[in-house]
2 protein chains.
Amino acid sequence: MPRELRHPDPRDVPLDRVLSALGDPVRLRIMAVLADREEHPREDFEVGVGPSTVSHHMRTLREAGLTRHRLEGTRCFVSLRKETLRRYPDVLEGVLRTCAQEAVAAGGPAAGSGGERG
Amino acid sequence: MPRELRHPDPRDVPLDRVLSALGDPVRLRIMAVLADREEHPREDFEVGVGPSTVSHHMRTLREAGLTRHRLEGTRCFVSLRKETLRRYPDVLEGVLRTCAQEAVAAGGPAAGSGGERG
DNA sequence: ACCGTACATCGATATTCGTCGAACATCGAA
DNA sequence: TTCGATGTTCGACGAATATCGATGTACGGT
């Protein structure tokens, strides 16, 4: 794991990039985990795909300015970037509320307990 | 042109599909045109790509439940679907406001008056 | 009846994206 | 220093997407 991960200035990220980052079911499940505004260890994100794929989606969210990744030892903690929430308040609060609800409707937190991979 | 175009029930459209439909610069320019909540003739959407490509993006928005397409003679009028705006109020109002602002920032309505196609 | 207009749809192509498994990097522990 | 754990990065592959030009379809005008 590199010592540090790239975190772009949110002001460099256009809206279409943010929305496109959010327009994926796996990444929306990740956002649903983060919807409580807490920092979560990577193990919390059991979203139904393999580890390298989770990494890929994590990177997409991070490079869209949505998440912050803090490395501590061999582990990684993820949280929402408040600056970005403040930049698109309605959009992002709405997405967080909605995807949290949909995750519940779709069968509980992390929505992949059954392991329906594909 | 067919007599009528497919308009899905917005409740069948999951959030990730809506966001993914919005996550494209061309479609965001289309939304910017519609942000005034008026019905617009197709000619209003000079968004910098060819006619068939505009059709493609229009279809994407329509099938995400975002727009309504009314055919009148050989012409077509496009408007936002209020039912969908009501379903995701914060998200969509926020997107509309933001993309309208960004369109202005990017060089005026329709953002393609110069015809920089490519 | 014919032709032009306006737009949708089709077919082709190039690019992007989601996914996996393998390889790599960093840290903590033995 | 060696080993295992954690998570990122790389390489490959199929699926989806953005784009165009050509074709198709319905309508309005002549």
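Numbered from 1 within each chain, the chains take letters A, B, ... in sequence-line order.
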Could you list the residues that satisfy side chain to side chain donor-acceptor pair (under 3.5 Å) with A/Arg68, not counting sequence neighbours? none
Contacts of B/Asp90 meeting salt bridge (charged side-chain N to carboxylate O under 4.0 Å, His left out) (sequence neighbours excluded), chain-then-number -> A/Arg97
Under the salt bridge (charged side-chain N to carboxylate O under 4.0 Å, His left out) rule, collect the residues that match up with B/Glu4, sequence neighbours excluded. none
With sequence neighbours excluded, residues passing salt bridge (charged side-chain N to carboxylate O under 4.0 Å, His left out) with A/Glu93: A/Arg37
By side chain to side chain contact (heavy atoms under 4.5 Å, CB included) - contacts of B/Arg42 (at least two apart): B/Phe45, B/Val54, B/Ser55, B/Met58, B/Cys76, B/Val78
When the distance from CD of B/Glu72 to C1' of C/dC7 is rounded to whole Å, what number comes out? 14 Å
Tell me the interatomic distance from A/Asp16, atom CG, to C/dT16, atom C1', rounded to whole angstroms. 14 Å
Roughly how far apart are B/His57 NE2 and B/Asp24 CG, rounded to 0.5 Å? 5.0 Å
Scan nucleotides 3-10 of chain D nucleotide by nucleotide, 5' to 3', and note B when protein non-hydrogen atoms come under 4.0 Å of the base, S if they reach only the sugar-phosphate, - if neither. ---SBBB-
Convert the base pairs of DNA chain C into dot-bracket notation, remembering that pairs crossing earlier ones are written with [ ] and that bases paired across to another strand are shown as |; include only Watson-Crick or G-U pairs under 3.5 Å. ||||||||||||||||||||||||||||||
Output for pair (A/Leu34 CG, A/Leu80 CG), nearest 0.5 Å, gives 4.5 Å
Could you give the CG-to-P distance, from A/Asp24 to D/dA16, as a whole number of Å? 13 Å
Length of the line joining B/Arg70:CZ and D/dA26:C1', which is rounded to integer Å: 16 Å
Collect all protein-nucleotide pairs involving nucleotides 11-15 of chain D in which both atoms are nitrogen or oxygen and the distance is under 3.5 Å.
none

Mind checking side chain to side chain contact (heavy atoms under 4.5 Å, CB included) for A/Thr74 and listing every partner two or more places apart, or none if nothing turns up? none
Rounded to the nearest angstrom, tell me the gap between atom CZ in B/Arg29 and atom C1' in D/dT19. 14 Å
Contacts of type side chain to side chain contact (heavy atoms under 4.5 Å, CB included), residue B/Arg59, not counting sequence neighbours: B/Arg62, B/Glu63
Answer with base, sugar-phosphate or nothing: what part of the nucleic acid does B/Arg6 contact at a heavy-atom distance below 4.0 Å? nothing
Show which side-chain atoms of residues 10-17 of chain B pair as donor or acceptor with protein atoms under 3.5 Å away, not counting sequence neighbours.
from, atom 1, to, atom 2, distance (Å)
B/Arg11, NE, B/Asp9, OD1, 3.2
B/Arg11, NE, B/Asp9, OD2, 3.4
B/Arg11, NH2, B/Asp9, OD2, 2.8

For atom NE2 of B/His40 and atom C1' of C/dC7, their distance in whole Å: 19 Å
Kindly write out the residues that satisfy salt bridge (charged side-chain N to carboxylate O under 4.0 Å, His left out) with A/Glu38, not counting sequence neighbours, or none if the list is empty. none
Gap between atoms CD and C1', on B/Glu63 and D/dA16 respectively (whole Å): 14 Å
Assign each of A/Gly73 and A/Ser20 the nucleotide of DNA chain C bearing its closest heavy atom; nearer the 5' end lies the nucleotide of A/Ser20
